[in-house]
Amino acid sequence: MASECAVCGEDATVSDACPHCGGAYCPDHRPPDAHDCPGTAAGTTAGWRLDLDKSDAERNDTDGETPSLSSLFRPGVGLAVLTLVIVGLALGAVAAVDPFDGGGLDADAVETHIENGSDAARADAGVGTTQHDDSLAAVARAHSRDMRDRGFVNHTNPDGEGPQDRVDAAGLDCRVGENIYQTPRGAIATSERAFADHVVRSWLDSPGHRRTLLRDRYTRQGVGVAVGDDAVYVTQLFC
């Protein structure tokens, strides 16, 4: 389905939608700074997390200044985990109805497709594939359901627990990496495979998510999907 770029009027497809605000833009105007994207304001809610592989000193080394939000999306700033939130979708860029109405989204299938798509990207990057880990998937699924049930989108839950806290509480001995994703239900997909492909592609298009997904030391992976009335929540954990 094609629409017009909101900046220049050139053709734009659903796959060109901005991963932060969901607006329809051509490839030239898809980057947030090319269309004055309002969706990146999601970062002000602490929906991103500094690189868990860095030391506390490295994570806090900002020369006494708070980094600007725009800088968080530049390559090389050392963010391993970023929250990717689609907060709105341009008219005409997406289907007018939820394609999953009547049949329901198969969360298990989405989880499998996301893991497979992530492993394919890892193989292409030469960093090695991962093994599915049921325990990681259970922790990821619990976090996605918590986001859905308590109405937040963040790596840190309202109780102040982050990804490492949740993995430690599950008895898993590893340094964890996490990607999360939320989007209006059915807004950008017509099948479980299409939905999963969009999630993986969006992570790969985001520097922080990409670093997490392609980190070569990870050998295990678990994905958890929670479907709400109005949105789908995804958590991906690596160890």
Report yes if the side chains of [X] and [Y] come closer than 4.5 Å at any heavy-atom pair, otherwise no.
| X | Y | answer |
| --- | --- | --- |
| R166 | N157 | yes |
| S144 | V225 | no |
| E178 | T235 | yes |

Can you name the salt bridge (charged side-chain N to carboxylate O under 4.0 Å, His left out) partners of R122, sequence neighbours left out? none
D119: what forms a salt bridge (charged side-chain N to carboxylate O under 4.0 Å, His left out) with it, not counting sequence neighbours?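 Scan of D119 (salt bridge (charged side-chain N to carboxylate O under 4.0 Å, His left out), adjacent residues dropped) gives none.
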pair check: C239 + C174, SG-SG < 2.5 Å: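 Their SG atoms fall under 2.5 Å; a disulfide, then.
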Going by side-chain hydrogen bond (donor to acceptor under 3.5 Å, both in side chains), name the residues that satisfy it together with D159, two or more places apart in sequence or in a different chain. R150
Who passes side-chain hydrogen bond (donor to acceptor under 3.5 Å, both in side chains) against R145, sequence neighbours left out? none
Which distance, rounded to the nearest 0.5 Å, do you find between the [atom1] of [X] and the [atom2] of [Y]?
| X | Y | atom1 | atom2 | value |
| --- | --- | --- | --- | --- |
| E111 | Q221 | CD | CD | 10.5 Å |
| D133 | E115 | CG | CD | 9.0 Å |
| D230 | Q182 | CG | CD | 9.5 Å |
| D146 | E161 | CG | CD | 8.5 Å |
| Q236 | I180 | CD | CD1 | 11.5 Å |
| L237 | R141 | CG | CZ | 11.0 Å |

With sequence neighbours left out, which residue pairs that include part of residues 220-239 fulfil the ring-ring contact (aromatic ring centres under 6.0 Å, His included) condition?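 Applying ring-ring contact (aromatic ring centres under 6.0 Å, His included) to every pair that reaches into residues 220-239, excluding sequence neighbours, yields Y218-F238.
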Here the ring-ring contact (aromatic ring centres under 6.0 Å, His included) pairs for residues 121-145, sequence neighbours left out, are H143-F152
Return the orientation label for the F195 and Y181 ring planes: parallel under 30°, perpendicular over 60°, tilted otherwise.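 Answer is perpendicular, since the angle exceeds 60°.
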Is the backbone of [Y] close enough, under 3.5 Å, to the side chain of [X] for a donor and an acceptor to pair up by distance?
| X | Y | answer |
| --- | --- | --- |
| R148 | V227 | yes |
| D165 | G162 | yes |
| E192 | D106 | yes |

Got a sec: does the CZ of R220 have more than 12 other heavy atoms crowding it under 6.0 Å?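 It does: R220 CZ has more than 12 such atoms within range.
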Using a strict 4.0 Å threshold on nitrogen-to-oxygen distance, state whether R201 and D205 make a salt bridge. no
Group every Ile, Leu, Val, Met, Phe, Trp and Tyr by side-chain heavy-atom contacts under 4.5 Å, then state whether L204 and V223 land in the same group.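 Yes, L204 and V223 fall within the same hydrophobic cluster.
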Does V127 share a hydrophobic cluster with V176, counting links as ILVMFWY side-chain heavy atoms below 4.5 Å and allowing steps through other members? no
Heavy atoms only: give me the nearest [X]-[Y] pair and the separation to one decimal.
| X | Y | result |
| --- | --- | --- |
| N179 | H209 | OD1-CD2, 3.2 Å |
| A140 | G224 | CB-N, 3.5 Å |
| D168 | L172 | OD1-O, 3.9 Å |

